[in-house]
Amino acid sequence: MNKKNHEEFMKRAIALSRKASIEEKTGGVFGAVIVKDGKIIAEGYNQVLKHNDPTWHAEMHAIREACKKLGKPHLEGCDLYTSAECCPMCLSAAYWAHIDHIYYAATTHDALKYGNFADVDILEEIRKEPSERKISFTEIMRPQAVEVWKEFAEMPNKAFY
């Protein structure tokens, strides 16, 4: 793919970020597109405020739409163009979706500086041991939960994704 194509896809992601933040005011300054075989197959923009859903990020929206369109949970052969570097949730979703490549425009530091989006803080929290995180973690009923895992492990026809 040539530079012009990359810029075309990123321009669309940035336009979607404007739609989310300035035009519709549905959420933060985030837009994303998924590209397969040189064509946009899905788009997304931040709609956290519109839906009162903290997971309605641009990348999550685009990944969901692309998976629906392709009829599968994996997006091998697809690239993600996003107006800003992925937050931890969206980055994880991109890994789960098997995205081939991520192109981003603004950085997490830009999002912090101009919008007070503290993705860097979340990244630091994730790196901590569970006992040291702001959200408390307590393990309970592990043996009961592991029994279900053992049963799943023995199933000959288990569903993998």
Side-chain angles (χ1 to χ4, degrees), residues 1-123 125-127 135 145 148-149 151-153 155-161:
M1 205 172 324
N2 63 38
K3 182 180 174 184
K4 184 181 177 203
N5 291 42
H6 290 301
E7 289 179 359
E8 173 190 329
F9 301 139
M10 188 57 76
K11 282 180 185 176
R12 182 60 186 154
I14 292 169
L16 289 164
S17 79
R18 173 176 287 283
K19 180 178 182 177
S21 60
I22 295 169
E23 295 168 14
E24 293 186 7
K25 298 180 181 148
T26 58
V29 189
F30 305 101
V33 298
I34 305 276
V35 173
K36 184 172 177 67
D37 300 326
K39 293 184 178 145
I40 294 174
I41 63 163
E43 298 184 338
Y45 61 96
N46 190 294
Q47 297 183 48
V48 167
L49 298 175
K50 179 179 180 178
H51 297 287
N52 294 315
D53 180 347
T55 69
W56 205 299
H57 289 198
E59 300 90 338
M60 300 288 285
H61 186 190
I63 289 169
R64 287 176 186 136
E65 294 303 314
C67 289
K68 278 189 231 174
K69 183 169 187 171
L70 297 178
K72 58 184 188 168
H74 295 141
L75 300 174
E76 292 94 348
C78 293
D79 295 330
L80 170 64
Y81 290 78
T82 179
S83 64
E85 198 173 356
C86 294
C87 75
M89 175 182 67
C90 293
L91 180 59
S92 296
Y95 274 100
W96 280 108
H98 301 183
I99 293 284
D100 284 2
H101 195 103
I102 298 172
Y103 297 90
Y104 65 94
T107 66
T108 55
H109 296 287
D110 295 326
L112 179 62
K113 181 177 179 179
Y114 299 109
N116 203 29
F117 287 90
D119 296 351
V120 175
D121 294 346
I122 296 170
L123 287 169
E125 277 293 303
I126 291 169
R127 291 184 183 117
I135 296 175
V148 179
W149 279 104
E151 189 178 341
F152 176 78
M155 284 177 60
N157 59 343
K158 56 184 153 257
F160 279 107
Y161 57 90

Check: Is there a side-chain contact between Lys25 and Leu49 (heavy atoms, below 4.5 Å)?
Finding: no

Margin query: Tell me the closest heavy-atom pair linking Ala32 and Ala62, and the distance in Å.
Written below: O-CB, 4.0 Å

Margin query: Tell me whether the rings of His6 and Tyr103 are parallel (<30°), tilted (30 to 60°) or perpendicular (>60°).
Written below: tilted

Next item on the list: Please indicate whether Lys72 has more than 12 foreign heavy atoms, meaning atoms of other residues, nucleotides or ligands, lying under 6.0 Å from its NZ.
Entry: yes

Next item on the list: Please list, chain by chain and in numerical order, all residues satisfying ring-ring contact (aromatic ring centres under 6.0 Å, His included) with His57, sequence neighbours excluded.
Entry: none

Check: What do the steps show when you test Glu59 against Ile99 for side chain to side chain contact (heavy atoms under 4.5 Å, CB included), and what is the final call?
Finding: CA-CA 11 Å; Glu59 300 90 338; Ile99 293 284; over 6 Å; no

Margin query: Once rounded to the nearest 0.5 Å, what's the spacing between atom CD of Glu24 and atom NZ of Lys19?
Written below: 5.0 Å

Note to self: Testing the basics here: between Ala66 and Ala42, what is the closest heavy-atom pair and its distance to 0.1 Å?
What the structure shows: N-CB, 3.4 Å

Notebook entry, point to check: Is a side-chain donor or acceptor of Glu85 paired with a backbone partner of Thr108 at a separation under 3.5 angstrom?
Noted result: yes

Item checked: Between NE2 on residue His74 and SG on residue Cys67, distance to nearest 0.5 Å -> 8.0 Å

Next item on the list: First locate atom OG of Ser17, then atom CZ of Arg12, and finally report the distance between them rounded to the nearest 0.5 Å.
Entry: 10.5 Å

Note to self: On a heavy-atom basis, which atom in Lys158 and which in Met155 lie closest, and how many Å separate them?
What the structure shows: NZ-O, 3.2 Å

Margin query: Restricting to non-hydrogen atoms, name the atom on His61 and the atom on Gly44 that form the minimum distance, rounded to 0.1 Å.
Written below: ND1-CA, 3.3 Å

Item checked: Donor-acceptor contact present, side-chain Thr82 to main-chain Tyr104, <3.5 Å -> no

Notebook entry, point to check: Got a donor-acceptor contact below 3.5 angstrom from the Lys50 side chain to the Gly27 backbone?
Noted result: no

Item checked: Straight-line distance of Leu16 CG to Glu23 CD, nearest 0.5 Å -> 9.5 Å

Note to self: Which heavy atom of Gly28 sits nearest to which heavy atom of Phe117, and what is that distance?
What the structure shows: CA-CZ, 3.6 Å

Check: Is there a side-chain contact between Leu80 and Ile34, using heavy atoms and a 4.5 Å cut-off?
Finding: yes

Notebook entry, point to check: Are the side chain of Asp100 and the backbone of Asp79 linked by a donor-acceptor contact shorter than 3.5 Å?
Noted result: no

Check: Is any side-chain heavy atom of Met60 less than 4.5 Å from a side-chain heavy atom of Asp53?
Finding: no

Next item on the list: Would you indicate whether the side-chain heavy atoms of Ser21 and Asn46 approach each other to under 4.5 Å?
Entry: no

Margin query: Let me confirm one number: the CZ-SG distance from Phe30 to Cys90, rounded to the nearest 0.5 Å.
Written below: 8.5 Å

Next item on the list: Nearest 0.5 Å please: distance from the CH2 atom of Trp56 over to the OG1 atom of Thr26.
Entry: 10.0 Å

Margin query: Looking at Asp110, is its backbone amide N or carbonyl O close enough to the side chain of Thr107 to form a donor-acceptor pair, meaning the two atoms are under 3.5 Å apart?
Written below: yes

Item checked: Any Glu43 side-chain heavy atom under 4.5 Å of Glu65 side chain -> no

Checklist line | Atom NE2 of His109: over 12 foreign heavy atoms under 6.0 Å | finding: no

Next item on the list: Decide yes or no for Ile102 and Cys86: does some side-chain heavy atom of the first lie under 4.5 Å from some side-chain heavy atom of the second?
Entry: yes

